[in-house]
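Shown next, in structure tokens, is the structure this report addresses.
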Amino acid sequence: MARRYDPDRRRRIIDAAIRVVAERGITGLSHRTVAAEADVPLGSTTYHFRTLDELLVAALRQANEGFATAVRDCVRLDDPDADLAAELARLTGEWLTGDRARAELEYELYLAALRRPALRPVAAEWTDSVAELLARHTDPVTARGLVAVMDGICLQSLLTGGAYDEGYARDLLGRVLRR
């Protein structure tokens, strides 16, 4: 039987892995569950991703694109008169409340780096890329502090089930900016 050309297969496998983690958690992830979800042969998942860690790295990298893209695309941040704390609080709120299930999934993948060292460089890529974007508006140390505060606020909100408080976030981010 001839091999079928399927240029999107790798991406479909990653998307399927993200859906599996969203539905069953990381413990429910296996090559078999991903193959079934992607509707591809089991061999396709192991061809593209030899290990589950390789698959999780790809899933985390894809999941990381959301917030960094929102920061990169925010034209208001390029306004020198913009209130950086207010804009970051607004962006964080939009990301966190826009699709809470997606935010929870992204943090589940992000926090998996605690137990899976292969994911640590990808988690660091996310913090580094957002800090690099913010460093255009402040110094690098403050930019990393802003990322840490936004990360902490999101994590607390997700873990407690509490509502996102934009005013609190704006105040806290403003304190970091005032040094």
Side-chain angles (χ1 to χ4, degrees), residues 8 10-11 13-15 17-18 21-22 26 48-49 51-160 162 164-179:
D8 296 326
R10 186 175 198 285
R11 177 66 171 219
I13 291 169
I14 295 168
D15 290 341
I18 289 171
V21 171
I26 289 179
H48 289 285
F49 304 99
T51 67
L52 287 180
D53 278 351
E54 286 180 13
L55 183 53
L56 282 169
V57 163
L60 178 56
R61 189 165 276 129
Q62 182 172 311
N64 282 349
E65 294 171 5
F67 189 72
T69 300
V71 172
R72 186 174 22 272
D73 293 348
C74 181
V75 294
R76 291 189 230 171
L77 289 177
D78 292 329
D79 179 354
D81 297 323
D83 179 343
L84 184 57
E87 286 305 314
L88 292 175
R90 181 189 61 75
L91 277 172
T92 302
E94 285 177 1
W95 176 80
L96 187 59
T97 60
D99 184 351
R100 192 172 182 101
R102 180 71 178 193
E104 289 172 358
L105 165 69
E106 289 178 29
Y107 266 99
E108 183 167 359
L109 289 167
Y110 179 61
L111 292 173
L114 291 171
R115 301 268 184 225
R116 293 179 177 263
L119 297 177
R120 290 180 186 159
V122 182
E125 282 174 19
W126 178 84
T127 58
D128 292 346
S129 68
V130 175
E132 186 178 306
L133 290 167
L134 295 179
R136 296 183 304 176
H137 309 287
T138 186
D139 64 276
V141 172
T142 302
R144 290 193 71 76
L146 292 169
V147 172
V149 168
M150 291 184 296
D151 213 9
I153 290 170
C154 289
L155 196 52
Q156 286 177 359
S157 180
L158 292 170
L159 291 174
T160 64
Y164 175 72
D165 184 342
E166 187 172 322
Y168 167 74
R170 183 179 53 248
D171 181 55
L172 197 53
L173 291 164
R175 290 177 189 214
V176 171
L177 287 164
R178 285 190 290 276
R179 295 177 245 149

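- Between the CD1 atom of Ile153 and the OH atom of Tyr168 there is a distance of 5.5 Å, given to the nearest 0.5 Å.
- Contact detail for His48 and Glu54: the closest heavy-atom pair is O-OE1, 4.4 Å.
- Within the model, atoms CZ of Arg72 and CG of Leu134 stand 11.5 Å from one another, a figure rounded to the nearest 0.5 Å.
- Proximity of a side-chain donor or acceptor of Thr92 to a complementary backbone N or O of Leu88 within less than 3.5 Å is detected.
- Enclosure of atom CZ in Arg115 is not indicated, since only 12 or fewer non-hydrogen atoms of other residues, nucleotides or ligands lie within 6.0 angstrom.
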- Task: Decide yes or no on side chain to side chain contact (heavy atoms under 4.5 Å, CB included) for Thr69 and Trp95, but give the supporting numbers first.
- Result: CA-CA 11 Å; Thr69 300; Trp95 176 80; over 6 Å; no
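- Closest approach of Ser157 to Arg100, counting heavy atoms only: O-NH2, 2.6 Å.
- Between Ala123 and Leu60, the closest heavy-atom pair is N-CD2, 4.0 Å.
- Under the 3.5 Å distance criterion, the side-chain polar atoms of His137 are matched with a main-chain donor or acceptor of Leu77.
- Note that CZ of Arg170 is 13.0 Å distant from CG of Leu84, once rounded to the nearest 0.5 Å.
- Of all heavy-atom pairs between Ala63 and Leu109, the closest is CB-CD1, 4.0 Å.
- Counting only residues at least two apart or in different chains, salt bridge (charged side-chain N to carboxylate O under 4.0 Å, His left out) contacts with residues 123-133 comprise Arg61-Glu125, Asp128-Arg144.
- The line from CG of Leu91 to CG of Leu96 is 12.0 Å long, rounded to the nearest 0.5 Å.
- Using a distance-only test at 3.5 Å, with no hydrogens or angles considered, no donor-acceptor pair links the side chain of Thr138 to the main chain of Ala135.
- The backbone N or O of Ala124 lies less than 3.5 Å from a partner atom in the side chain of Thr127, making a donor-acceptor pair.
- Atom CG of Leu56 sits about 8.5 Å away from atom OG1 of Thr51, to the nearest 0.5 Å.
- Counting all heavy atoms, side chain and backbone alike, Ile26 lies closest to Glu108 at N-OE2, 3.1 Å.
- Checked against side chain to side chain donor-acceptor pair (under 3.5 Å), Asp15 has the following partners two or more places apart in sequence or in another chain: Gln62.
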- Can you list the steps and then say if Leu155 with Tyr110 is a side chain to side chain contact (heavy atoms under 4.5 Å, CB included)? CA-CA 11 Å; Leu155 196 52; Tyr110 179 61; over 6 Å; no
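- Nearest heavy-atom pair, Ala85 versus Leu177, reported as atom, atom and distance to 0.1 Å: N-CD1, 3.6 Å.
- Interatomic distance, Leu105 CG to Arg102 CZ, rounded to the nearest 0.5 Å: 5.5 Å.
- Side-chain atoms of Asp139 come within 3.5 Å of backbone N or O of Thr142 as a donor-acceptor pair.
- In this structure a side-chain-to-backbone donor-acceptor pair under 3.5 Å is present from Arg120 to Ala113.
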- Does the side chain to side chain contact (heavy atoms under 4.5 Å, CB included) test come out yes or no for Phe49 and Val57, once each step is laid out? CA-CA 10 Å; Phe49 304 99; Val57 163; over 6 Å; no
